[in-house]
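Encoded as structure tokens, the structure appears first; notes follow it.
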Amino acid sequence: MIITFATQKGGAGKTTLAIAFANYLCEVSQRKIKAYDFDFQKSFFNKWKEDEYSELPKLYEVELVGDDEEEQPFADLEKIIGLKESEAIYLFDLAGTLDQKYSDLLIYSDFIIIPFEYSDVSVKSTLVFKNLLGLLESEAERIFIRSKYDKGYKYLNQKEMDIEISKYGTLIESPVYKRNCLQSINTRKLTYEQRYAIKKSFNEIIEQISEALQIAL
Ligand SMILES: Nc1ncnc2c1ncn2[C@@H]1O[C@H](COP(=O)(O)OP(=O)(O)OP(=O)(O)O)[C@@H](O)[C@H]1O
Ligand SMILES: [Mg+2]
């Protein structure tokens, strides 16, 4: 199964949520988890490397997908289909830019998790990304998740945006709130506070995935 964290809106929370989701899945699922960092900034991979100094056990492998065409495993459709049909869960973290090299992955992922915020820039960017998935005729089920949500703030465009988004995929009801604890995430363990910050939203995502595939994660 392939689950991809993507949107070309930079800083939306893709990497943070991808790491938190990988860690959380390791706690709640028996399936093998592997992450691929497909971002030239290598944020997920570098964090995972840094965590090698940790005393906590390694939870999963993270592989860097290079820029070099020769070592470009996802130019090969067979490889993508292999991952898709596997019992294991493959998580992809993409860059905050659009690139031709992401096309096949965006088309063939089982799920694309799209973090978004309600600022005007983020709303526009999210809609552009949704349109891109449409143009690519992506097979993936779209899962939209409110990221860095500020409880005390009245988002004027929230209602309209929620209606629009819900036409194109599932909108996760529970937001991931803006929380400082998520800024110090590592790839080995969720702290109690971090788990509390993501638990409700991730349980909804897992339920959505299990329902769509009719399997238990
Ligand atoms: N829920 C949250 N609460 C507070 N800070 C957050 C939250 N989610 C992410 N951040 C912070 O926001 C910044 C951007 O997050 P992140 O790197 O995960 O976004 P991204 O979408 O992967 O960015 P890029 O497009 O550059 O890859 C980071 O400093 C991260 O710590
Ligand atoms: Mg990132």
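Below, all heavy atoms of this structure are taken into account, side chains as well, without hydrogens, waters or symmetry copies. Numbering of ligands and ligand atoms starts at 1, following listing order.
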Angle class for the [X]/[Y] ring planes (parallel below 30°, perpendicular above 60°, tilted otherwise)?
X      : Y      : value
Tyr102 : Phe38  : perpendicular
Tyr24  : Phe202 : tilted
Tyr196 : Tyr192 : parallel

Practice task
Scan side-chain atoms only and decide if Gln158 and Tyr153 contain a donor-acceptor pair under the 3.5 Å cut-off.
Solution key: no
Nearest-contact summary for [atom] - protein heavy atom, Å:
atom                    : value
atom 1 (N) of ligand 1  : Tyr177 O, 3.0 Å
atom 17 (O) of ligand 1 : Thr15 CB, 4.2 Å
atom 25 (O) of ligand 1 : Lys14 NZ, 2.8 Å
atom 30 (C) of ligand 1 : Thr16 OG1, 3.7 Å
atom 19 (O) of ligand 1 : Gly13 N, 3.0 Å
atom 4 (C) of ligand 1  : Arg179 O, 3.2 Å
atom 31 (O) of ligand 1 : Gln183 CG, 3.2 Å

Practice task
Flag atom 28 (C) of ligand 1 as yes if some protein heavy-atom distance to it falls below 4.0 Å, otherwise no.
Solution key: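 It does not: no protein heavy atom is found less than 4.0 Å away from atom 28 (C) of ligand 1.
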Numbering as shown, the atoms of ligand 1 that approach [X] to under 4.0 Å (heavy-atom distance):
X      : result
Leu182 : 1 (N), 2 (C)
Asp39  : 27 (O)
Val176 : 1 (N)
Gly96  : 25 (O)
Ala12  : 19 (O), 20 (P), 21 (O)
Gly10  : 25 (O)

Practice task
Determine whether more than 12 heavy atoms belonging to other residues, nucleotides or ligands lie under 6.0 Å from atom NZ of Lys34.
Solution key: yes
Handout entry: Spacing of Lys178 atom NZ and Tyr149 atom OH [to the nearest 0.5 Å]
Key = 12.0 Å
Exercise for the section: Assess Lys130 against Tyr168: is NZ or CZ under 6.0 Å from the centre of the six-membered ring, and within 45 degrees of the ring's axis? Expected result: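 Yes, Lys130 lies over the aromatic ring of Tyr168.
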Problem - Ring center gap for Tyr90 and Phe92 short of 6.0 angstrom - result: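 No, the ring of Tyr90 stays outside the 6.0 Å limit from the ring of Phe92, centre to centre.
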What I want to know is whether [X] and ligand 1 share at least one N or O pair that is separated by under 3.5 angstrom.
X     : answer
Leu17 : no
Asp93 : no
Ala95 : no

Problem - N, O or S atom of Ser43 closer to the Mg ion (ligand 2) than 2.8 Å - result: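 Short answer: no, not a single N, O or S atom is under the cut-off.
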Handout entry: Minimum side-chain heavy-atom gap Ser138-Ile112 below 4.5 Å
Key =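 The answer is yes, as the side chains (C-beta and beyond) meet within the 4.5 Å cut-off.
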Practice task
Heavy atoms only: give me the nearest Ile185-Thr16 pair and the separation to one decimal.
Solution key: CD1-O, 4.0 Å
Fill in the blank from the handout: Nearest heavy-atom approach of Glu137 to Ile107 is O-CG2, 4.3 Å
Practice task
May I ask you to decide whether Lys79 forms a salt bridge with Asp104, counting only side-chain N to carboxylate O separations under 4.0 Å?
Solution key: no
Practice task
Take every heavy atom of Gly11, measure it against each atom of ligand 1, and state whether any distance is under 4.0 Å.
Solution key: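 It does, in that a heavy atom of Gly11 comes within the 4.0 Å cut-off of ligand 1.
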Exercise for the section: Counting heavy atoms only, name the option from Gln41, Lys178, Lys47, Lys148 that's nearest to atom 10 (N) of ligand 1. Expected result: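 Of the listed residues, Lys148 has the closest heavy atom.
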